[in-house]
Amino acid sequence: MPLPGSGSCVYNIPMAYNDSHSHTRGLEPSDANARMRRHVRDSRSYTIGPMPVQSFIDEFLPPLPAGRMNVILSSRNAFKAVPSIAATPVEIFQPLIAALNKSTKHKSRAPGLFFQNASARSDHPHERGYMKPHICCYTLPHVDLVQCSPVSSRADLGYAELFFEVKADVSLDFFSDPPETATAEEIASHEFIAKDPQTRARIDRSLGQHVAYVTEIMARQNRVFFFSVSMAGAWARLCRWDRSGMVVSRAFDIHRHPEFLCEFLSRFACASDELRGHDTTVEMSSAEEEALFKDAITEHVRMQLRLHHDALDKAIKEHYEPGHVMAMQVHAVDTVNRNRAGRIQRYLVSRPVTSPLYLTGRATRGYWAVSAETGQVVFLKDTWRLPDEPEGSVMAGLCAVDVQNVPSVLAHGDVYSNPLEPGAKLSPQLTMTDRYDEEEWVCRVRGKEVVVSTHIHYRLVLGKVGYTLKTFRGTDELLRATYDAFRAMRDALEKDARIHRDISPNNIILVREEEGAARKGYLVDWESSSRVDDKGFSLDRTRTGTWKFMSISVVDASPIPHTIRDDMESLLYVVLYCSLLHLPHDLNHPDDLRTFIQQFFDHSAVLEGILRGGDSKLTNAATRSWTSRVRFGNSDLQAWLNTVMDYHNPPFHLREELANRWTNPDYLDSFWSKFLEERTLPQDDRVDHKVGFAMAIIDSAPNSLVPFVRAQHCVMVKDRTTRPLKRPVIDSPDSQASDVVALPVRRSERLRRAKAIAHKPSRGDLYASQGQLEHTHRATKRRRIG
C-alpha cells in the first residue's frame with residue numbers, strides 16, 4: 001500500500017508576489033496585526049459548533065481499512081506525559097510531540113506521518129507575520145524537504161498535512177461548550193464564543209493566529225478542506241475548515257479520552273490524499289510541459305510589456321517559478337448547449353497573479369496559463385462560486401450578443417472529484433460546513449444564529465491575458481482603457497440587461513493583441529454582475545463591490561438598488577485613484593497622499609450594525625472639498641476629472657445646464673469619445689508616488705513567551721475551567737465589506753460623527769436630480785443547492 005501523501009497531489013505552491021516582488025502579496029509582516037483582527041471578526045460569521053466528537057470523526061474521516069488496526073498503537077495512557085495546564089505552550093507541546101511520534105517496530109500512532117515543532121523554525125518565532133504553528137504534521141517523504149528549507153521560508157505551511165496550535169491553559173479555549181445535559185432550547189441559546197474579559201485579548205490573539213495559519217496553508221496548497229487541532233491545556237478540539245467556514249468539535253480531555261485523538265489521527269493517517277482534503281485534480285507537470293510553459297509565458301510577457309534581458313527575466317518571475325509548474329484539469333462545459341463536455345482539458349500554471357487571502361468566500365487564484373495541447377497563453381481563474389449562474393455562462397452570453405471589450409470564454413466548469421478514474425461517479429467539489437448550520441448541537445455566536453452558504457469549486461478559462469489597469473503607462477492609456485471598460489458596461493446593459501457591480505482597477509485588464517499595437521482595456525470578473533429590471537435596478541439586492549470604489553449610495557448601504565450610475569461613479573473613482581497614485585500632481589508629501597487615500601477611499605465605521613462609509617465622497621460631490629486640494633500636472637486630465645465630477649453631481653450654478661447628464665449614459669459616452677478624439681494625451685507620464693505608512697495597530701495581548709496566570713475568579717470543575725462571572729462583551733457587528741477592517745468606534749465618537757453627518761448635504765438631495773426611486777430593501781436569503 002503506498003504511503004499516504006505519496007500520490008500526485010501538489011504541495012508548497014507559489015503565491016502571488018507584491019508589486020516589488022519582495023513579499024507574498026497580502027502577507028506582509030507589517031500588516032499582520034490588522035489581518036489577525038480581521039480573521040477574528042470574520043470567524044464569528046462562519047463558526048459552526050460544537051459537534052459531538054465521535055460524530056465529527058465518523059462524518060469527516062473514513063474508517064480504518066481492513067488489516068490496518070494491527071499497525072496502530074493502543075490509545076491507553078497515550079498522553080499521560082502531557083500536563084493538564086502549564087505556564088507556556090512549550091511545556092505542553094513538547095511532550096505532546098513525543099507522544100504523537102511514539103512508535104515500536106511494527107506500530108505507530110499515525111503511520112506514515114511525522115509531527116514536528118514548527119514554531120521554532122522562524123527568524124522571529126513570536127512575532128506576528130513570522131510565526132508558525134506549534135506542531136505541524138508532515139508525510140515522511142516531506143520531512144527532509146521541510147528540514148532543509150531556510151527557517152525564513154514558509155515551506156512548513158506549504159507541506160503541512162494538519163497542525164496543532166496550543167494554549168497553555170484550559171481557560172484560554174476559544175469556545176465555551178454547553179453542558180452535556182443541556183436541552184435543545186438551552187443549546188440554541190448558548191453563546192459559543194468564550195467571552196471572559198480577563199482572557200479575551202489573549203484568546204483573540206490565538207484565534208486570529210490559528211485562522212491565519214489555515215488561510216495561508218490553503219493558499220500554499222491546492223485544498224478542498226483542511227483539519228487542525230486546537231489545544232487548551234490538555235483539552236482538545238478537532239476543526240475542519242473549508243471555503244464556507246469551520247466546523248469545530250466539543251472539547252475533550254486527552255487524558256480521560258485519549259481514544260478520540262488517537263482514532264482521529266489513525267484514520268487521518270490511513271486516509272487517501274483526497275479524503276485528507278487535497279485537490280487531486282492538480283498535479284505536477286512533466287519536464288517537457290514545463291519547458292513549453294516557460295517559452296510561451298516568456299514570449300507573451302515580452303510582447304505585452306516590450307521588455308528584454310534582465311527586465312524581461314524579472315517580469316517572468318511574476319508568472320513562473322522554476323520547478324513549480326502544475327497541470328490543472330478543467331472539466332469544460334459546452335458554452336452553447338451548457339452541458340458537460342466529453343473530455344477534460346489540461347492547462348499548465350505556475351505562480352498566480354492573485355492568491356486567496358481570506359479563508360471563506362470565493363478564494364480566487366488567477367493564473368497566466370498555457371494550454372498543454374495547443375501552447376496558447378490563456379487566463380485561468382480557479383475559484384469557489386456560489387450556486388448561482390456561473391461566471392463563464394454570463395460572459396459567454398455577453399460575447400454571444402457582441403458586447404464589446406469582454407474576453408471570450410474558452411472553457412469553464414465545476415471541478416469534479418476523481419474525473420479521470422474509469423467508471424467513477426462524477427461529483428463536484430463542494431463545501432460541507434453549510435450542511436451543519438441547522439444541526440441540533442449548533443450554538444449561537446455573538447448572540448446570532450450562524451448561517452453559511454454553499455460554495456462550489458469552479459474553473460474558468462479566458463482567451464485574453466494581460467496586466468491590470470494599475471500597470472498603465474500614462475494618461476492616454478488610463479483614459480482609453482477605462483473608456484473601453486465603460487463601453488463594455490454600456491453594451492452589457494443595452495444588449496443583455498446586465499450591470500457589472502464591481503468596477504475596480506483589478507477588474508480592468510490591459511491587453512496588447514499584436515506587435516506594435518496599443519494596449520486595449522477589457523472588463524473582467526463578472527461573477528458579481530446582475531440582471532436589471534425595466535427601470536434599471538439590479539435584481540440582486542445584495543451589496544457588493546470593492547470598498548474603495550463603491551458609489552456613495554452603495555458604500556452607505558442605501559436601500560436604493562444598484563444601477564449603471566453606481567458603476568459609472570465607481571469608474572470615476574478608479575480614474576481618480578490611479579491618477580493620485582501614478583500621475584503627476586502637487587500633493588507631494590507621502591503623508592498627505594495617505595490621508596487622502598484613507599479618508600476618501602478607505603474610511604468606514606459601523607453604525608446601527610451596518611458598515612458604512614462614503615462621507616468624504618459625499619462631501620466632495622457637493623463641494624469638491626477633497627479634489628480641489630490637488631492639481632494634476634496634465635491640464636487635460638484635470639479637465640476630464642472636473643467635467644465628469646460635474647456630470648455626476650453638478651455644482652449649483654450648473655444644475656440646470658447639466659441636468660440628466662448622469663442619468664443618461666449617452667452624455668458621458670459622447671463627451672468621453674470626443675475628448676479622446678480631440679486631445680493628444682501624454683503616453684508615458686507615469687510616476688509612482690510614495691504613500692506614507694498607516695499607523696500600526698498596537699497589539700496589547702501578550703505573546704506565548706509570557707507565562708499565563710489564571711485569574712482568581714476561575715475555578716476547576718471536573719478538571720474543566722468554568723467562568724462563573726458572566727460579563728457582557730461589546731463588539732463590532734460583522735462587516736459587510738470583505739476588504740475593510742472596521743475598528744471599534746467609541747460611543748462619543750459615533751455621536752460626533754452622527755451630528756457631523758446630519759449637517760452635510762443629504763444623499764436624497766444628491767440623487768434627487770438623478771430620478772432614483774426609493775425601494776424596499778429585501779433581506780438576502782441563504783443560497784443553497786436545491
Side-chain angles (χ1 to χ4, degrees), residues 15 18 23-47 89 118-119 122-134 136 154 156-157 160 163-168 172-175 193-197 199-220 226 228 230-232 237 239 241 245-246 248 355-361 363 445-446 602 604 606 611 693-706 708 729 731-735 737-745:
M15 290 184 67
N18 62 7
H23 285 288
T24 297
R25 185 185 301 278
L27 291 183
E28 291 82 0
S30 59
D31 297 329
N33 282 335
R35 289 198 300 274
M36 304 310 150
R37 288 174 181 252
R38 186 192 74 207
H39 290 320
V40 171
R41 181 202 71 209
D42 290 350
S43 68
R44 300 169 193 148
S45 64
Y46 60 65
T47 300
S119 63
S122 172
D123 292 330
H124 309 283
H126 299 282
E127 241 183 85
R128 285 190 170 186
Y130 298 94
M131 295 167 64
K132 298 177 183 178
H134 291 129
C136 277
R154 306 295 285 179
D156 312 70
L157 283 75
F163 71 80
F164 286 67
E165 188 66 6
V166 180
K167 282 81 65 185
L172 295 176
D173 190 356
F174 306 145
F175 306 111
I193 298 291
K195 55 182 181 180
D196 188 335
T199 56
R200 177 169 173 182
R202 198 155 186 162
I203 287 174
D204 282 356
R205 174 189 171 94
S206 298
L207 176 58
Q209 193 63 59
H210 196 121
V211 179
Y213 293 146
V214 177
T215 302
E216 186 172 348
I217 288 170
M218 293 185 73
R220 293 188 183 277
F226 185 78
S228 68
S230 174
M231 299 284 299
R237 291 184 186 274
C239 307
W241 312 76
M246 165 180 63
V248 58
S355 296
L357 301 176
Y358 294 81
L359 174 68
T360 59
V445 174
R446 289 288 186 259
D602 295 334
S604 65
V606 177
L611 191 73
F693 291 106
M695 185 178 297
I697 297 175
I698 298 174
D699 178 21
S700 60
N703 63 36
S704 57
L705 285 175
V706 180
F708 175 74
V729 177
D731 197 14
S732 301
D734 293 336
S735 167
S738 61
D739 59 349
V740 177
V741 177
L743 301 181
V745 181

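What you see below is based on every heavy atom in this structure, not just the backbone, and it leaves out hydrogens, waters and symmetry mates. Numbering starts at 1 and runs along the sequence shown.
- When all heavy atoms of C136 and D156 are compared, the pair lying nearest together is SG-O, 4.2 Å.
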Test log, rule side chain to side chain contact (heavy atoms under 4.5 Å, CB included), inputs R35 and T215: CA-CA 11 Å; R35 289 198 300 274; T215 302; over 6 Å; no

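- Rounding to the nearest 0.5 Å gives a distance of 10.0 Å between CG of D31 and CE of M36.
- Put simply, the side chain of H134 never gets that close to the backbone of S119: no donor and acceptor are under 3.5 Å apart.
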Go through it in stages, so that I can follow the logic: the residues are I193 and F174, the test is side chain to side chain contact (heavy atoms under 4.5 Å, CB included), and I'd like the CA-CA distance, side-chain angles, deciding distance and then a yes or no. CA-CA 6 Å; I193 298 291; F174 306 145; over 6 Å; no

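- Two residues are said to be in side-chain contact when any heavy atoms from C-beta on lie closer than 4.5 Å; M131 and H124 fail this criterion.
- Minimum heavy-atom separation, I203 to L172: CG1-O, 3.6 Å.
- The minimum heavy-atom distance linking V248 with C239 is given by the pair CG2-SG, 3.9 Å.
- Judged as a ring pair (Phe, Tyr, Trp, His ring centres under 6.0 Å), and not counting sequence neighbours, Y46 has no contacts.
- In this structure, D42 CG and R37 CZ are separated by 14.0 Å, a value rounded to the nearest 0.5 Å.
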Side chain to side chain donor-acceptor pair (under 3.5 Å) between H210 and S230, worked out: CA-CA 8 Å; H210 196 121; S230 174; 4.6 Å; no

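- To the nearest 0.5 Å, atoms CE (M246) and CZ (F226) are separated by 13.0 Å.
- Listed by chain and residue number, nothing satisfies the salt bridge (charged side-chain N to carboxylate O under 4.0 Å, His left out) test with E165 (two or more places apart in sequence, or in another chain).
- When all heavy atoms of S228 and W241 are compared, the closest pair comes out as OG-NE1, 2.9 Å.
- Taken to the nearest 0.5 Å, the CD atom of E127 stands 8.5 Å off from the OG atom of S122.
- The minimum heavy-atom distance between F175 and R237, with the atom names listed, is O-NH2, 3.4 Å.
- In this structure, L357 and H39 approach most closely via the heavy-atom pair O-CE1, 4.2 Å.
- Separation of atoms CE (M231) and CZ (F164) is listed at 7.0 Å; rounding is to 0.5 Å.
- Taking the side chain to side chain contact (heavy atoms under 4.5 Å, CB included) definition, one finds that A219 meets it with M15, P356, sequence neighbours left out.
- With rounding to the nearest 0.5 angstrom, the CZ atom of R220 is 7.0 Å from the CG atom of L157.
- Y213 pairs by the ring pair (Phe, Tyr, Trp, His ring centres under 6.0 Å) definition with F163, not counting sequence neighbours.
- Remark: S206 engages no residue in a side-chain hydrogen bond (donor to acceptor under 3.5 Å, both in side chains) (not counting sequence neighbours).
- Partners of D204 according to the salt bridge (charged side-chain N to carboxylate O under 4.0 Å, His left out) rule, which considers only residues two or more places apart in sequence or in another chain, are R200.
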